[in-house]
Structure formats: structure tokens, C-alpha cells
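Along the sequence shown, residues are numbered consecutively beginning with 1. As a basis for the values below, the full set of heavy atoms in this structure was taken, side chains included, without hydrogen atoms, waters or symmetry mates.
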Amino acid sequence: MTAVLVSAGAFLMTLLGGFVAQRTGDRRHLVLGFAAGLMLGVVAFDLLPEAINAAPDELHGVPQALLMFAAGFLAIHIVERSVAIHRSHEGEYAAHSHAHAHSHAAGGKQGVGLTAAGALVGHSLMDGFAIGAAFQAGSTVGAVVAIAVVAHDFADGFNTYTITRMYGNNRRRALTLLGADALAPVTGAAITLLFTIPEHLLGLYLGFFAGFLLYLATSDILPEAHSPHPSRSTLLCTLLGVGFMWVVIGFAD
């Protein structure tokens, strides 16, 4: 039940991200920079060491946990490219629709926004599952993964609302999807109460999730943080996030 209670933090942070998206300020890049630092710290100092400990067997000279790490990175890369939820893809679509404004119906544009937002909801469901699985590995792993997920869910809430509205959907739809995105981590964590994951499989999963998290930090969060404000303050917040996780994990161990 601890995982479900902790996932309530992700619920609140997702809603906060959506709230901020409606009132975008000039400091959002600092929050995203810090969140990316937290995620990088979790991957380097906790998830990968724990995954290798739990699944140390090698396949063609490489620990299985590290193979899953690469698989996780590539899997989310393929998924994000296919559903076009990267900022660059949004820009390409916007330019395309502007050049062919009369050949695209409003309903089609709204569908793109709903599909992208739906993908983010599915991703948040996996965030909750990750919290539950991490708590099965131990309270320390669960705590640091929860911190990273909760920090990341701010960006998820922000993006869910923004993307839905960007493609012409009304505020009610955007808020509905934001609510679904907020509930998803709690649902994912609750699912893990139904079964216990064997240690070896847990190690493989943690490796996979580490690659997943690293991709989000480096390909989604950091570029988004630096694109409007390529400032030293954003970089400093990222370094603080990494350092914070180093201190937290060190004390926890």
C-alpha cells in the first residue's frame, strides 16, 4: 500500500503541471531542469546498480540488466517517434498544417492532440507501475524512484494539457485528459499489489525502466528546459538535481 500512497504524490504533481500549463510563467525551465537532474541521478546512482545486482547474468558478455537498459531507451524512442509527441514533431506538424490549412479538417487535428495526450496517459500508468515494482525491490529503491517519477510527472501534466489544447481541443477535453493522466500513476501502482515480481525479473524491469527514464530526461525534459531559455541557471538546476539524488541515495544506503 505504500506504493499506492506515494503515487498520490505523482497524482498531485501531474495536476500541478496542468495548472501551471494554464498559467505558464517564466520559471518553468528551472523546474524542468531540476526534474531532469533528479531523473539522471536516479538512473546512475540507484536504478542501474540495483538492476545489475538483481540480474547479473551475462548474455554475450553483457549483463542482462544493461541489455534491458538499452532496450528501454530504444523502446520509448520508437514509441515517441511513432506517436509524434516530441516537440520537434509538433513543430513539423504545425508547419505542415499551416502550409496546407485548407486540406486538414479540424477534427483530424484534434485527433492528433488526443492521441498524443493518450500516449502520455499510458506512460503515466507505467510510471505508477514503476513505483510499485521499485517498492517490491526495497524501500530505498521505491523512495528514489518515486521522487524521480513525481518530479517528472510535473512535465507530464504540463504536456498533456498543452498538447491537447495545441491541436484545437477545448478546455474541457484537456482537463479530462489531465485528470486521466493524474489518476494513471495511482492505478499503475495499485496493479502491482496483485502480484510479486521475482527478483531476476525485477532486475530486468529496473534496467528497462532506467533506459526509459534516461531517454525521457535527455530527449524530452532537458531539450524542453533549454529551448526557450538556454541559460546557466537551467544547467545549474540540473546539476543540483543530480547532486540532490546523490546525497539522498547516499544517506538512504
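To the nearest 0.5 Å, atoms OG1 (T14) and CG (L183) are separated by 9.5 Å. Rounded to the nearest 0.5 angstrom, N53 CG and L202 CG are separated by 11.5 Å. Going from atom CG of L47 over to atom CG of L214 covers 10.5 Å, rounded to the nearest 0.5 Å. The structure places CG of D181 at 12.5 Å from CG of L175, a figure rounded to the nearest 0.5 Å. Here the CZ atom belonging to F19 is positioned 13.5 Å from the CG atom belonging to L12, to the nearest 0.5 angstrom.
Under the 4.5 Å side-chain heavy-atom criterion for Ile, Leu, Val, Met, Phe, Trp and Tyr, L239 and V43 are members of distinct hydrophobic clusters. No continuous path of ILVMFWY side-chain contacts below 4.5 Å connects L235 to L240, so the two sit in separate hydrophobic clusters.
The neighbour count for E58 CD, taken as heavy atoms of other residues, nucleotides or ligands under 6.0 Å away, is above 12.
Heavy atoms only, all atoms of each residue included: S7 and P185 are closest at CB-O, 3.8 Å. The nearest pair of heavy atoms linking G207 to A51 is N-CB, 3.5 Å. For the pair E50 and A137, the tightest heavy-atom approach, listed with the atom from each and the gap, is OE2-O, 4.3 Å. In terms of heavy atoms, F11 sits closest to A182 at CD1-O, 3.2 Å.
With contacts defined as side-chain heavy-atom distances shorter than 4.5 Å, the pair R171/Y161 qualifies.
For the side chain to side chain contact (heavy atoms under 4.5 Å, CB included) criterion with F69, the lone passing option out of I52, L204, L48 is L48.
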Practice prompt. Might you work through the ring-ring contact (aromatic ring centres under 6.0 Å, His included) test for F129 and Y205, ending with a clear yes or no?
Written response: CA-CA 10 Å; F129 187 88; Y205 176 78; 5.4 Å; yes
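In this structure, Q136 contributes its side chain and T192 its backbone to a donor-acceptor pair below 3.5 Å. Proximity of a side-chain donor or acceptor of T238 to a complementary backbone N or O of G33 within less than 3.5 Å is detected.
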